[in-house]
Amino acid sequence: MKKNKKNQNNLKNIINKNFNATIISSFVTCFLGILLFFKAENTLKTISYIIGIFLLVTGVATIVKVIIVDKNERMYFNTSFMTGIFSSIIGFVLLINPTLLTSILPFCIGVWMIISGAMKIQTSLVLKESDDKVWWKIMIFAVVVLVLGLLLIINPFGSAVIVTKIIGISLVIYSIADIVGTFMLKKEVKDTVKIIDAEVEEN
């Protein structure tokens, strides 16, 4: 009995931690989407500068580390040295040409949303097999996310500013769908845990 109770408490703690992490990341994503929609050019440039500085600093640090610390390790030297150079070049290019990110960002976010949408579809199918009534709601959210991801990869939009605004809207829709889906899943898990608790007490 005590062991079952402990396992259930551990399960609840894991669920709560995952729930909180998902909600926080979704709100951050939503905030970023709003910024991209209303402040398209400024936000994209800021993101580009942040990524550029990060890649440049880490790239240079990797090169210095390889030359000074790992100079005797030939195989590791080659891999790390090339990675450092590659990161430094990309970081430098993004700093001198921040608008370049506009052509890369839709594809990266599109791939991310397609993967996320596919995972949500898989979750909804699992729920369907369990005769869970909430499966079709999650399926709708998943399909919306998947379609938005495909649109971003195909990129049928015009100017860079329009693309950035579309990315912003997509991120907001994605984060809202993620928040709603997470709340629904948490409710289902809570109900399941209550049923298990009741069965354990009866036994």
Open item on the list: Rounded at 0.5 Å granularity, tell me how far CD1 in Ile140 sits from OG in Ser124.
Closed with: 10.0 Å

- [ ] Please list, chain by chain and in numerical order, all residues satisfying side chain to side chain contact (heavy atoms under 4.5 Å, CB included) with Val57, sequence neighbours excluded.
- [x] Ile53

- [ ] Enumerate the residue pairs fulfilling salt bridge (Lys or Arg N to Asp or Glu O under 4.0 Å) with a member in residues 82-106, sequence neighbours excluded, ordered by first and then second residue.
- [x] none

Open item on the list: Testing the basics here: between Ser26 and Ile179, what is the closest heavy-atom pair and its distance to 0.1 Å?
Closed with: CB-CG1, 3.4 Å

- [ ] Could you walk me through whether Phe86 and Leu55 pass side chain to side chain contact (heavy atoms under 4.5 Å, CB included), step by step?
- [x] CA-CA 9 Å; Phe86 186 66; Leu55 289 175; over 6 Å; no

TODO: Verify the cluster assignment for Leu146 and Val180: are they in a single hydrophobic cluster under the rule of side-chain heavy atoms below 4.5 Å apart?
DONE: yes

Open item on the list: Can you pull out every side-chain hydrogen bond (donor to acceptor under 3.5 Å, both in side chains) where at least one residue sits in residues 110-119? Sequence neighbours excluded, please.
Closed with: Ser116-Tyr174

- [ ] Among Leu171, Ile169, Ile176, find the one that has a side chain to side chain contact (heavy atoms under 4.5 Å, CB included) with Ile173.
- [x] Ile169

Task: Residues forming a side chain to side chain contact (heavy atoms under 4.5 Å, CB included) with Tyr49, sequence neighbours excluded - done: Lys45, Leu95, Pro98

- [ ] Provide the full list of salt bridge (Lys or Arg N to Asp or Glu O under 4.0 Å) pairs with a residue in residues 103-122, sequence neighbours left out, each pair given once.
- [x] Lys120-Asp178

Open item on the list: Test question: given the 4.5 Å side-chain rule for I, L, V, M, F, W and Y, name all other residues clustered with Leu35, or answer none.
Closed with: Phe31

- [ ] Determine, stepwise, if the pair Leu150 / Met113 fulfils side chain to side chain contact (heavy atoms under 4.5 Å, CB included).
- [x] CA-CA 8 Å; Leu150 287 170; Met113 292 180 78; over 6 Å; no

Task: Partner residues of Val126 under the side chain to side chain contact (heavy atoms under 4.5 Å, CB included) criterion, sequence neighbours left out - done: none

TODO: Answer yes or no: is there a side-chain heavy-atom contact under 4.5 Å between Ile121 and Met139?
DONE: yes

- [ ] Check Leu94 against Gly52 and note the closest heavy-atom contact, atom names and distance.
- [x] CB-CA, 4.0 Å

Open item on the list: Please determine whether residues Val28 and Ile34 belong to a single hydrophobic cluster, defined as Ile, Leu, Val, Met, Phe, Trp and Tyr linked transitively by side-chain heavy-atom distances below 4.5 Å.
Closed with: no

Task: Minimum heavy-atom distance Ser25-Thr29, with the two atoms named - done: O-OG1, 2.7 Å

TODO: Return each pair, listed once, that meets salt bridge (Lys or Arg N to Asp or Glu O under 4.0 Å) where at least one residue sits in residues 93-119; pairs must be two or more places apart or across chains.
DONE: none

Open item on the list: How long is the straight-line distance from CE of Met82 back to CD1 of Ile63, given to the nearest 0.5 Å?
Closed with: 9.5 Å

- [ ] With sequence neighbours left out, write down each residue that passes side chain to side chain contact (heavy atoms under 4.5 Å, CB included) with Thr46, or none if nothing qualifies.
- [x] Ile50

- [ ] Kindly work out whether a path of hydrophobic side-chain contacts (I/L/V/M/F/W/Y, heavy atoms less than 4.5 Å apart) joins Val147 to Ile114.
- [x] yes

Open item on the list: Working note: Thr62 + Ser87, criterion side chain to side chain contact (heavy atoms under 4.5 Å, CB included); need CA distance, chi angles, decisive distance, verdict.
Closed with: CA-CA 9 Å; Thr62 301; Ser87 296; over 6 Å; no

Task: Inter- and intrachain pairs under salt bridge (Lys or Arg N to Asp or Glu O under 4.0 Å), touching residues 27-39, at least two apart - done: none

- [ ] For residues Val172 and Cys30, report the shortest heavy-atom separation together with the two atoms involved.
- [x] CG2-O, 3.7 Å

